[in-house]
Undergrad: 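If you scroll down you'll find the structure; I have some questions about it.
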Amino acid sequence: MEYSLVCHSLYALWSSPVKKKLILLSIMFLIWVYLLYSCVGYCSTMPSLVVDSYRGKETLSVVGKRTESGRTDLVSRLLAKPQPWEDIESDYEEPSIRTASSRDLLDNELEMDRAEDWDEMQGEQQRAPEPSAMSSFSNGSGSKKLPQAIIIGVKKGGTRALLEFLRVHPDIRAVGAEPHFFDRNYDNGLEWYRELMPKTLEGQITMEKTPSYFVTREAPARISAMSRDTKLIVVVRDPVTRAISDYTQTLSKKPDIPSFESLTFKNRTTGLIDTSWSAIQIGIYAKHLDNWLQYFPMEQILFVSGERLISDPAGELGRVQDFLGLKRIITDKHFYFNQTKGFPCLKKAEGSSKPHCLGKTKGRTHPNIDPEVVQRLRDFYRPFNMKFYQMTGHNFGWD
């Protein structure tokens, strides 16, 4: 009899409409909390972006600071001063004083790079698909790791294209914005850097790309101190074409800059090249590579041809996947050639079913440069190119 009364009481309790609603609301609340946790995990894979003022211009910076609790709070801080580049040695005399126009242009180059980062991130945000419920669940798991592979250069060589292509691979997770940790933000510490990285699962590779690392004197030692096993990728391109592309980018932001010809020469009459101009200096690959080889063996550095990244993207991506120890998943079926832009595009971008080409800042039309100036630059770069071919054991065919 007592057993029957207990059962009857339980049945009455469950059948109560109020109790039913409370139980259902509790279950829904628990599900909502779990979904919120998963979404937070997804959002945390993206670096915090802030816009601040630098010489009166709005620019993008990936920044952060440490809170009193020791956790990383990605908030605004002042932009770091530009990293001075090491002047290279050459057979050409270096003037003691730069011209005012050359000095002003050099002062603005960091600002141009940040503006370019902003344009790239805007394009990336515009194409980013809304995360599905399942992707939110999966991105909530895993952990943030320091990168095992870094695209360290070179500017205007094709680094953004390479990164976008690689992100198609399911075993590669990469931060979109350039962290600039080993050149501009090193004082923030490795934990700050780690917080910028996306979460990865076991077997996935964390990557980032910052092209200015290749020409930053301190970068090799700093990356080596983080991990001597870090794999390095350098996208290289004909240094003459690269210099013109570099100038074209600056010209698009600053239409009143001096001509390419006037910036190229210290003295047009004697034909003396101004190696203090970064557009020229970056292309002396052998000099920069020599600095990296003091900290990393050649087998840990992969050189990707910027030209073949356009003519045969699947072939170059195959080499990169082999270098990273990954299965060759990215193949010809992932690409189509865009006749308007003049370079390959993805048939399906990461997390999207739609075709994707790089943004408007890529594939700009180059200005017409005096053929004599182009030839003089080819003569200048030739011995450096030959040395670079010898160091890498690969002829890139620029001469």
Side-chain angles (χ1 to χ4, degrees), residues 45 124 138-139 142-154 157-179 181-182 190 193-194 196-211 213-214 219-220 222-237 285 289 292-293 295-335 344 346-351 356 358 391-394 396:
T45 65
E124 196 171 307
S138 64
N139 281 294
S143 59
K144 294 186 177 185
K145 301 180 181 68
L146 293 169
Q148 297 104 314
I150 303 176
I151 301 174
I152 60 172
V154 297
T159 58
R160 172 57 58 179
L162 178 61
L163 185 69
E164 291 298 299
F165 296 162
L166 284 173
R167 291 174 79 175
V168 172
H169 201 293
D171 290 333
I172 292 177
R173 298 296 311 281
V175 60
E178 296 175 1
F181 175 66
F182 295 104
L190 283 174
Y193 184 47
R194 189 198 306 271
L196 297 182
M197 299 300 126
K199 288 185 177 181
T200 54
L201 301 173
E202 188 68 29
Q204 289 184 318
I205 293 176
T206 304
M207 290 189 67
E208 71 116 315
K209 77 106 176 169
T210 305
Y213 291 163
F214 188 63
R222 291 172 174 178
I223 295 177
S224 178
M226 176 187 73
S227 174
R228 294 181 180 179
D229 296 325
T230 306
K231 292 186 177 182
L232 309 172
I233 301 174
V234 189
V235 187
V236 289
R237 183 184 184 186
Y285 304 138
L289 177 57
W292 285 89
L293 291 178
Y295 297 90
F296 291 92
M298 188 63 80
E299 56 266 25
Q300 258 176 259
I301 308 175
L302 178 69
F303 296 91
V304 175
S305 167
E307 287 81 12
R308 280 196 294 277
L309 198 58
I310 294 174
S311 63
D312 181 21
E316 286 301 281
L317 266 293
R319 293 180 59 240
V320 177
Q321 291 170 94
D322 291 345
F323 175 69
L324 296 175
L326 299 174
K327 182 180 178 181
R328 286 198 178 197
I329 290 178
I330 308 171
T331 61
D332 283 321
K333 69 180 182 181
H334 289 91
F335 302 98
L346 288 169
K347 290 181 180 178
K348 291 183 180 181
E350 178 200 27
H356 169 63
L358 297 179
M391 295 171 76
T392 60
H394 186 80
F396 288 88

Undergrad: May I ask you to test the Val168-Leu317 pair for a side-chain heavy-atom distance under 4.5 Å?
TA: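 A side-chain contact is absent here, since even the closest heavy-atom pair is not under 4.5 Å.
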Undergrad: Look at the side chain of Gln300 and the backbone N and O of Pro297, then say whether any donor-acceptor pair between them is shorter than 3.5 Å.
TA: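 Looks like no, no N/O pair under 3.5 Å.
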Undergrad: Could you walk me through whether Thr159 and Lys209 pass the side-chain hydrogen bond (donor to acceptor under 3.5 Å, both in side chains) check?
TA: CA-CA 7 Å; Thr159 58; Lys209 77 106 176 169; 3.2 Å; yes
Undergrad: In the structure I gave you, are the side-chain heavy atoms of Ile330 and Val320 within less than 4.5 Å of one another anywhere?
TA: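 They are not in side-chain contact.
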Undergrad: Under 4.5 Å between any side-chain heavy atoms of Tyr193 and Met226, yes or no?
TA: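 Contact flag for Tyr193/Met226 side chains = yes.
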Undergrad: List the steps, then state whether side chain to side chain contact (heavy atoms under 4.5 Å, CB included) holds for Asp171 with Ile205.
TA: CA-CA 6 Å; Asp171 290 333; Ile205 293 176; 6.0 Å; no
Undergrad: Rounded to the nearest 0.5 Å, what separation is found between the CG atom of Leu162 and the CD1 atom of Ile233?
TA: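 Nearest 0.5 Å value for the CG-CD1 distance: 6.0 Å.
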Undergrad: Hey, does Leu289 have a side-chain heavy atom less than 4.5 Å from the side chain of Thr392?
TA: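 Thr392 reaches Leu289 side chain to side chain.
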Undergrad: Hey, what do you get for NE2 (His169) to CG (Leu326), rounding to the nearest 0.5 Å?
TA: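 Taking NE2 in His169 and CG in Leu326, the distance rounds to 4.5 Å.
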Undergrad: Which pairs, with at least one residue in residues 303-333 and sequence neighbours excluded, count as a ring pair (Phe, Tyr, Trp, His ring centres under 6.0 Å)?
TA: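 Sorted pair list: Phe303-Phe388.
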Undergrad: Considering non-hydrogen atoms only, spot the tightest contact between Pro179 and Thr210 and give its length.
TA: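 Closest approach of Pro179 to Thr210, heavy atoms only: CD-OG1, 3.4 Å.
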Undergrad: Locate the shortest heavy-atom distance separating Met197 from Val175; write the atom from each residue and the value.
TA: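 Nearest heavy atoms, Met197 then Val175: CE-CG1, 4.2 Å.
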Undergrad: Can you tell me how far CG of Leu166 sits from CD of Gln321, rounded to the nearest 0.5 angstrom?
TA: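 Here the interatomic distance stands at 7.0 Å.
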Undergrad: Below 4.5 Å, heavy atoms only, C-beta onward: do Glu307 and Arg237 meet side chain to side chain?
TA: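 The answer is yes, as the side chains (C-beta and beyond) meet within the 4.5 Å cut-off.
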Undergrad: Considering all heavy atoms of both residues, which atom of Gly142 and which atom of Lys199 are nearest to each other, and what is their separation?
TA: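 Heavy-atom minimum between the residues: O-CD, 4.0 Å.
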Undergrad: Mind listing the closest non-hydrogen atom pair of Leu309 and Pro344 along with its distance?
TA: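 For Leu309 versus Pro344, the nearest heavy atoms are O-CG, 3.6 Å.
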Undergrad: Could you check if a side-chain atom of Val234 sits within less than 4.5 angstrom of a side-chain atom of Trp292, using non-hydrogen atoms only?
TA: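 No - every pair of side-chain heavy atoms lies 4.5 Å or more apart.
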Undergrad: Closest heavy-atom contact between Leu201 and Lys145?
TA: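 Taking Leu201 first and Lys145 second, the nearest heavy atoms are O-NZ, 4.5 Å.
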Undergrad: Using the side chain to side chain contact (heavy atoms under 4.5 Å, CB included) rule, take Asp229 and Gln148 through it: C-alpha gap first, then chi angles, then the decisive distance, then the call.
TA: CA-CA 7 Å; Asp229 296 325; Gln148 297 104 314; over 6 Å; no
Undergrad: Can you name the salt bridge (charged side-chain N to carboxylate O under 4.0 Å, His left out) partners of Asp312, sequence neighbours left out?
TA: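 None.
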Undergrad: Taking the six-membered ring for Trp, are Phe396 and His394 parallel (under 30°), tilted (30 to 60°) or perpendicular (over 60°)?
TA: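 Ring orientation, 0 to 90° scale: perpendicular.
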Undergrad: Do the side chains of Ile151 and Met207 get nearer than 4.5 Å, heavy atoms only?
TA: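 They are in side-chain contact.
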Undergrad: Quick one: side chain to side chain contact (heavy atoms under 4.5 Å, CB included) partners of Ser311, sequence neighbours excluded?
TA: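 Residues passing side chain to side chain contact (heavy atoms under 4.5 Å, CB included) with Ser311: Arg308.
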Undergrad: Working to the nearest 0.5 angstrom, can you tell me the gap between Ile223 CD1 and Tyr295 OH?
TA: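 It comes to 11.5 Å.
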Undergrad: Start with the C-alpha distance between Arg319 and Leu302, add both sets of side-chain angles, then the distance that settles side chain to side chain contact (heavy atoms under 4.5 Å, CB included), and finish with yes or no.
TA: CA-CA 9 Å; Arg319 293 180 59 240; Leu302 178 69; 3.3 Å; yes
Undergrad: Measuring only between side-chain heavy atoms, which start at C-beta, is Ser227 closer than 4.5 Å to Leu146?
TA: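 Counting from C-beta outward, Ser227 and Leu146 never come under 4.5 Å.
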Undergrad: Which atoms form the tightest heavy-atom contact between Gly176 and Arg160, and what is the distance?
TA: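 Nearest heavy atoms, Gly176 then Arg160: O-NH2, 3.0 Å.
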Undergrad: As an exercise, state the distance from NZ of Lys144 to OG1 of Thr200, rounded to the nearest 0.5 Å.
TA: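 These two atoms lie 11.0 Å from each other.
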Undergrad: Would you confirm whether His334, through its side chain, and Thr331, through its main-chain N or O, come within 3.5 Å as a donor-acceptor pair?
TA: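 Yes: the side chain of His334 pairs with the backbone of Thr331.
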Undergrad: Under a 3.5 Å distance rule, please check whether Tyr213 uses its side chain to pair with a backbone N or O of Phe181 as donor and acceptor.
TA: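 Between the backbone of Phe181 and the side chain of Tyr213 there is a qualifying donor-acceptor contact (under 3.5 Å).
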